[in-house]
Amino acid sequence: MVEDDERQRRIEWLGQVCIGLHEQFGPLTEGAPAAYIPELSNVDPDLFAIAAVALDGQEQLTGDHDHLFTIQSISKLLLYGLALETHGREAVLERVGVAPTGDLFNAIELDEERHRAPNPMVNAGAIAITDMVGGSREERIEGIAAMFERYLGRRPEIDDAVWKSERATGNHNRAIAYLLLSHGIIEDRVEETLDVYFAQCSVLVSARDLAMIGATIANSGVHPVSGEQIVSPRVARDMLTVALTCGMYDYAGEWAYTVGIPAKSGVGGGIVGIIPGAGAVAVFSPRLDEHGNSVRGLRVFEALSEEFDMHLFDFDRPWTRA
Ligand code: GLN
């Protein structure tokens with residue numbers, strides 16, 4: 001284990017670097033907020049936050065770190081953990097595989113050979129995972145809210161306007177859901193399952209919340225502040241694996257190559273990057289590239305990965321070195 005004062009020094013240095021990167025990339029206005037969900041385009045595109053949380057709960061916060069935005073696809077990672085905890089690996093793998101697709105996050109495609117969704121980080125997989133949450137509509141939403149409460153340390157709030165907006169315009173997701181139904185992967189309650197899926201995408205989080213969520217997963221499933229074991233170490237490992245291979249959608253390969261840490265992004269503008277055994281960093285900036293990933297977020301993580309040798313295959317990786 002690295003010495004405590006060395007770790008402390010590194011966390012403070014990380015905080016300083018984040019302040020510098022916030023200044024450096026603030027003027028970057030490339031990309032645009034998601035518009036296919038009309039309500040998302042009303043966001044102030046200049047919002048920008050970087051937050052880091054270490055395993056002991058120490059925080060380094062920069063910019064609009066308390067601004068609340070919708071979690072969107074980052075919820076997919078948490079729902080995957082919930083499904084693995086509730087149903088076990090075998091049952092989940094029967095419906096959702098672990099293969100990166102190389103296609104857009106909302107591609108209307110399945111693993112036709114195995115009759116399952118390609119992976120839990122794209123919409124098809126997340127809708128299939130949402131179907132696995134049992135009970136009535138209310139019970140399913142409550143089950144997901146209870147899970148969020150354990151990560152956030154408060155009752156989750158849903159952005160009603162975004163939820164409604166997704167419900168009203170989500171025909172692409174409807175097409176995915178009916179394809180899943182036609183293969184017998186989900187039950188015949190498509191509108192309800194989509195409603196639950198849209199609800200979880202509309203949960204409000206801050207960059208700071210995302211970093212805390214990431215730090216929980218980095219900490220083998222133990223919340224850094226409450227000390228609660230939210231998912232088992234084995235489930236945390238599975239979550240990290242799919243985050244590394246599929247978390248950035250069709251950019252996952254490039255991300256693994258350049259940044260090299262498990263991560264998940266959402267079209268609300270959030271990205272959480274997880275450094276197993278060390279902590280997590282989250283960036284919020286709503287302007288997205290063509291893959292649906294935050295443009296400033298990508299730049300910040302590329303710079304951080306270089307500066308701190310964060311890449312999992314950096315032989316000089318200081319974070320968890322013995
Ligand atoms: N709610 C969004 C959708 O289903 C989530 C997509 C995302 O964040 N990539 O389209």
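Read the numbers this way: they start at 1 and go in the same order the structure lists the ligands and their atoms. Throughout, residue positions are numbered sequentially from 1 according to the sequence presented. In this text the structure is predicted, and so the values were computed from the model without any measurement.
Atom 2 (C) of ligand 1 has as its closest protein heavy atom Q72 OE1, 3.1 Å. Of the protein's non-hydrogen atoms, the one nearest atom 4 (O) of ligand 1 is Y197 OH, 2.7 Å.
Considering OG of S285 and CZ of F69, their distance stands at 10.0 Å, rounded to 0.5 Å.
Look at R174 and E191 and you find a salt bridge, because one of the NZ, NE, NH1 or NH2 atoms lies within 4.0 Å of a carboxylate O, short of that distance. Look at E94 and R116 and you find no salt bridge, because none of the NZ, NE, NH1 or NH2 atoms lies under 4.0 Å from a carboxylate O.
Each of the atoms 7 (C), 8 (O), 9 (N) of ligand 1 lies under 4.0 Å from some heavy atom of Y249. Interface of G266 with ligand 1, defined as ligand atoms under 4.0 Å from a residue heavy atom, comprises 8 (O). Numbered from 1 in the order shown, with element, the atoms of ligand 1 that lie under 4.0 Å from a heavy atom of N123 read 3 (C), 4 (O), 10 (O). Heavy-atom proximity to F105, at under 4.0 Å, picks out these atoms of ligand 1: 6 (C), 9 (N), 10 (O). Residue C201 approaches ligand 1 through these ligand atoms, each under 4.0 Å from one of its heavy atoms: 1 (N).
I261 places none of its side-chain heavy atoms less than 4.5 Å from the side chain of I274.
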Margin query: Run V53 and Q58 through side chain to side chain contact (heavy atoms under 4.5 Å, CB included) and show every step you take.
Written below: CA-CA 6 Å; V53 173; Q58 271 195 78; over 6 Å; no
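Backbone and side-chain nitrogen or oxygen atoms of Y36 are examined, and one is located within less than 3.5 angstrom of a nitrogen or oxygen of ligand 1. Not one N or O of I37 is nearer than 3.5 Å to an N or O of ligand 1, by distance alone.
At a heavy-atom distance under 4.0 Å, only side-chain atoms of E166, from C-beta outward, approach ligand 1. At a heavy-atom distance under 4.0 Å, no atom of I74 approaches ligand 1. Heavy atoms of S73 found under 4.0 angstrom from ligand 1 belong to the backbone as well as the side chain.
Proximity of N173 to ligand 1 is established by a heavy-atom distance of less than 4.0 Å. In this structure, F198 falls outside the shell of residues with a heavy atom less than 4.0 angstrom from ligand 1.
Annotation for V17 and L304: closest pair CG1-CD2, 3.9 Å, computed over non-hydrogen atoms.
Annotation for E113: atom CD does not count as buried by contact number, only 12 or fewer foreign heavy atoms lying within 6.0 Å.
Annotation: H67 is in aromatic contact with F284 [ring centroid separation under 6.0 Å].
Remark: R296 is positioned above the aromatic ring of F48, its terminal NZ or CZ atom under 6.0 angstrom from the ring centre and at most 45 degrees off the axis.
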